[in-house]
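The residues of the chain are indexed from 1 along the displayed sequence.
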Amino acid sequence: MKLVFLLAALAGFACHAEFVVVDEGRANAVVALGDEAQVTKFAAKELCKYVKAMSGAELAVVKDGEFGETNVIRILATKQGLRRDEISLRVDAGGRMLELSGDGLRGGLNAVYELLERWGVRYFTPDREKVPSLATLSLPDGFSYSYAPPFERRNPGSISLDRNVGPAWAVKLRVSREYSRKEFGGKRDADFGGGHTLGNKYYVDAKKHFDEHPEWYALRGGKRVRDGQLCHASEGMRAQLLSEIRSKAKSWNDRGSANKVGYVSLSYLDNNKFCQCDGCKELRRRWGGVAIGPALDIANFVARELEGEFPGLRVKTLAYWDWVEPPSKIPETLHTNVYVTICQNGNKALPLESQKNIMARLEGWNRLVPGRLLIWDWDACFRNYITPYPTYHLYAQDFRTYRGLGVKGVLSQLPHGAVFADFVDMRTYMYAKLAWNPDLDGEAIAKEWIDFCCGAGAPEIWEYYKLVERAVWGENPGDRKTRCNLHGYNPGRGWMSGASLATAYFLFEKALDATKDDPTSHATIRCLSAGMLELVVERYDEVKAALRRRGDDLALPKRLELVDRFEAIGKDFYIWCYREGPQPRDFKSLVKNLREGTL
């Protein structure tokens with residue numbers, strides 16, 4: 001009897017040694033819909049699609065409870081009681097059911113993408129994915145994993161996510177962009193206004209109200225102006241602002257949302273034409289004499305007035321430019337629904353923790369709105385999106401700093417305007433992965449991206465990656481010490497010497513040659529080469545001189561030939577502008593300036 005019992009126990013152990021989804025190309029599980037939400041059906045479809053692509057096996061999709069005795073993968077759109085954006089992947093005690101669920105409208109979908117990544121799937125770009133060939137797909141016995149990202153909002157702002165192909169990629173990367181498509185979960189939170197909102201189309205629009213109510217707008221030089229900030233002391237303006245916010249918040253709540261949360265951005269316009277009336281001067285004095293004082297007063301006023309009607313309404317204001325510094329003293333505690341978005345504009349070649357002024361600013365704001373800080377990072381050169389701008393080496397380190405401060409959300413303006421902007425797809429992928437989990441190895445993420453996306457040219461592109469790192473930080477990049485100042489309006493082109501540019505040029509030449517029979521990787525490398533190529537053109541004489549010193553100058557094509565190659569990249573790949581700011585900013589103007597040497 002004891003022997004029979006032992007054999008039965010061993011048989012049971014063998015049966016449940018692991019949760020098998022596909023066994024040598026044969027389906028060993030079904031997918032059960034835990035609810036009827038469109039996002040759950042889409043999550044099941046995505047899981048089946050990738051499982052078939054990996055193993056050839058086709059998983060059946062069944063309704064909840066109709067799965068018989070086989071292994072089951074049960075997907076739930078949303079599970080209650082979890083932390084914000086937490087995902088849960090758990091094999092039950094019997095070893096026959098894997099439940100994929102999570103917080104929020106995309107909880108189950110996020111868990112599906114996590115599972116696929118554990119089996120080696122990668123979503124490197126909107127159209128470049130790594131899908132390994134695996135005859136067997138399984139999880140260990142008793143497998144259980146749950147994780148909640150440290151940041152409630154994670155938004156890399158890049159052209160790749162803004163184009164038509166962007167939403168599907170964004171969902172796979174688990175960034176917190178809001179899409180109305182039901183298969184992506186619909187909208188979870190509302191954003192009432194973007195960055196600069198007070199006095200334009202978002203709130204109390206001067207185009208609509210100035211003629212009838214000039215007293216709502218800034219007093220400058222003794223007269224009211226329509227192109228400045230609002231008059232924050234005006235009671236009439238405040239009443240109008242409340243009315244407009246109420247209307248938008250009510251409309252959002254009437255449509256329904258997962259948690260009735262909305263972010264109202266109440267931030268100055270992008271100018272320093274502040275109201276000079278006595279009332280606004282007094283507001284500024286009361287709030288420590290800093291420029292952002294009146295904006296904080298407005299934010300606190302709105303949060304207090306609307307907390308009863310809309311308890312989930314979060315009022316945020318932007319600390320930026322001349323009003324980035326926190327007040328040293330405040331006349332009243334900031335409401336728990338007031339958030340501050342800090343524009344980070346320090347030296348992007350240095351880690352945050354080594355910049356004392358930046359850290360003092362972050363810590364100062366954190367004392368005023370603990371746990372309610374949002375970050376707006378500049379990770380692009382606004383004077384030229386295409387030019388090399390190596391900020392991505394520091395993502396992991398800086399995200400860990402933000403996490404330590406209790407930052408609520410991170411947003412970054414990545415290179416925009418062109419799909420061949422400086423390493424924009426790799427930056428977007430790295431940003432998303434590290435914002436989700438800052439403990440990941442940023443360099444390993446970059447290496448994996450380059451190895452896959454650059455094919456046979458990957459060794460040279462990785463060597464370029466390391467060349468850039470050494471150019472900025474020297475031979476000991478781990479020290480993170482630099483003579484370079486990378487700022488959103490300072491491309492800092494001098495960090496690359498003529499000799500380094502020459503080396504970079506020939507690394508790309510070798511990578512392009514290595515991929516001449518691989519059109520997809522070749523196209524990727526052409527895109528990546530654009531920034532380097534532009535710098536070589538701009539500093540052609542330096543590069544030529546460096547090559548001459550090593551007896552290699554004849555290998556470099558003529559300057560105008562390089563301009564032709566750069567222009568061809570612009571014709572073959574999407575671009576609508578190459579920089580922020582006033583015209584001209586179209587690509588043709590950039591090419592014209594390069595030809596004439598007038599950039």
Please check: side-chain N/O of [X] versus main-chain N/O of [Y], any donor-acceptor pairing under 3.5 Å?
X: Thr515; Y: Leu512; value: yes
X: Thr341; Y: Ile375; value: no
X: Glu509; Y: Phe506; value: no
X: Ser55; Y: Lys52; value: no
X: Asp23; Y: Arg26; value: no
X: Asp35; Y: Ala77; value: yes
X: Asn28; Y: Val20; value: yes

Please report the closest heavy-atom contact between [X] and [Y], naming both atoms and the distance.
X: Asp518; Y: Gly455; answer: OD2-CA, 4.4 Å
X: Val31; Y: Cys48; answer: CG2-SG, 4.0 Å
X: Pro156; Y: Leu414; answer: CB-CD1, 3.6 Å
X: Ile87; Y: Gly107; answer: CG2-O, 4.1 Å
X: Ala135; Y: Val22; answer: O-CG1, 3.3 Å
X: Ser521; Y: Arg128; answer: OG-NH2, 3.8 Å

side-chain contact (heavy atoms from CB on, under 4.5 Å) evaluation trace for Met532 with Tyr505: CA-CA 7 Å; Met532 173 280 305; Tyr505 173 80; 4.0 Å; yes
From CA spacing to verdict: side-chain contact (heavy atoms from CB on, under 4.5 Å), Lys348, Leu394: CA-CA 8 Å; Lys348 303 302 292 184; Leu394 297 175; over 6 Å; no
SB check [X] [Y] (cutoff 4.0 Å):
X: Glu448; Y: Lys433; value: no
X: Arg403; Y: Asp439; value: yes
X: Glu469; Y: Lys466; value: yes
X: Lys516; Y: Asp513; value: yes
X: Lys172; Y: Glu129; value: yes
X: Arg383; Y: Glu580; value: no
X: Glu46; Y: Lys49; value: yes
X: Lys41; Y: Glu36; value: yes

Quick one: do the [X] and [Y] side chains pair a donor with an acceptor below 3.5 Å?
X: Gln80; Y: Asp103; value: no
X: Gln344; Y: Trp376; value: no
X: Thr387; Y: Asn384; value: no

Would you say the side chain of [Y] lies within less than 4.5 Å of the side chain of [X], judging by non-hydrogen atoms?
X: Leu173; Y: Arg154; answer: no
X: Arg565; Y: Glu561; answer: no
X: Val61; Y: Leu33; answer: yes
X: Glu114; Y: Arg174; answer: yes
X: Trp169; Y: Val175; answer: no
X: Leu105; Y: Val39; answer: no
X: Arg153; Y: Tyr263; answer: yes
X: Ser88; Y: Ser101; answer: yes

Spacing of [X] atom [atom1] and [Y] atom [atom2] [to the nearest 0.5 Å]:
X: Lys130; Y: Phe452; atom1: NZ; atom2: CZ; result: 7.5 Å
X: Asp398; Y: Asp377; atom1: CG; atom2: CG; result: 7.0 Å
X: Lys510; Y: Glu460; atom1: NZ; atom2: CD; result: 5.0 Å
X: Asp451; Y: Arg122; atom1: CG; atom2: CZ; result: 12.0 Å

Tyr464 and Leu528: CA distance, side-chain angles, deciding distance, side-chain contact (heavy atoms from CB on, under 4.5 Å) verdict: CA-CA 11 Å; Tyr464 171 77; Leu528 298 179; over 6 Å; no
Pi-cation contact, Trp462 with Lys447 (under 6.0 Å, within 45°): yes
Residues which pass side-chain contact (heavy atoms from CB on, under 4.5 Å) with Ser500, listed by chain and number, not counting sequence neighbours: Leu467, Met496, Ser497
Partner residues of Arg400 under the salt bridge (charged side-chain N to carboxylate O under 4.0 Å, His left out) criterion, sequence neighbours left out: none
Write out all pairs satisfying ring-ring contact (aromatic ring centres under 6.0 Å, His included) with one or both partners inside [range], taking only residues at least two apart or from two chains.
range: residues 67-101; result: none
range: residues 84-122; result: Tyr113-Tyr123
range: residues 83-110; result: none

Aromatic plane relationship, Tyr147 with Tyr145 - under 30° parallel, 30 to 60° tilted, over 60° perpendicular: parallel
Tyr431 and its ring pair (Phe, Tyr, Trp, His ring centres under 6.0 Å) partner, picked from Tyr395, Tyr392, Trp449, Phe151: Tyr395
Counting the benzene-type ring for Trp, do [X] and [Y] have ring centres under 6.0 Å apart?
X: Tyr578; Y: Tyr385; result: no
X: Tyr465; Y: His393; result: yes
X: Phe184; Y: Phe42; result: yes

Residues Leu76, Glu99; criterion side-chain contact (heavy atoms from CB on, under 4.5 Å); working and verdict: CA-CA 8 Å; Leu76 286 168; Glu99 184 180 89; 3.7 Å; yes
Show the atom names and distances, to 0.1 Å, of all donor-acceptor pairs under 3.5 Å that link a side chain in residues 417-428 to residues at least two apart or in another chain.
from: Asp422; atom 1: OD2; to: Tyr389; atom 2: N; distance (Å): 2.9
from: Asp422; atom 1: OD2; to: Arg427; atom 2: NH2; distance (Å): 2.8
from: Asp425; atom 1: OD1; to: Ser160; atom 2: OG; distance (Å): 2.3
from: Arg427; atom 1: NE; to: Asp422; atom 2: O; distance (Å): 2.8
from: Arg427; atom 1: NH1; to: Asp379; atom 2: O; distance (Å): 3.3
from: Arg427; atom 1: NH1; to: Tyr389; atom 2: O; distance (Å): 3.4
from: Arg427; atom 1: NH1; to: Thr391; atom 2: OG1; distance (Å): 2.9
from: Arg427; atom 1: NH2; to: Tyr389; atom 2: O; distance (Å): 2.1
from: Thr428; atom 1: OG1; to: Ser158; atom 2: OG; distance (Å): 2.9
from: Thr428; atom 1: OG1; to: Val424; atom 2: O; distance (Å): 2.7

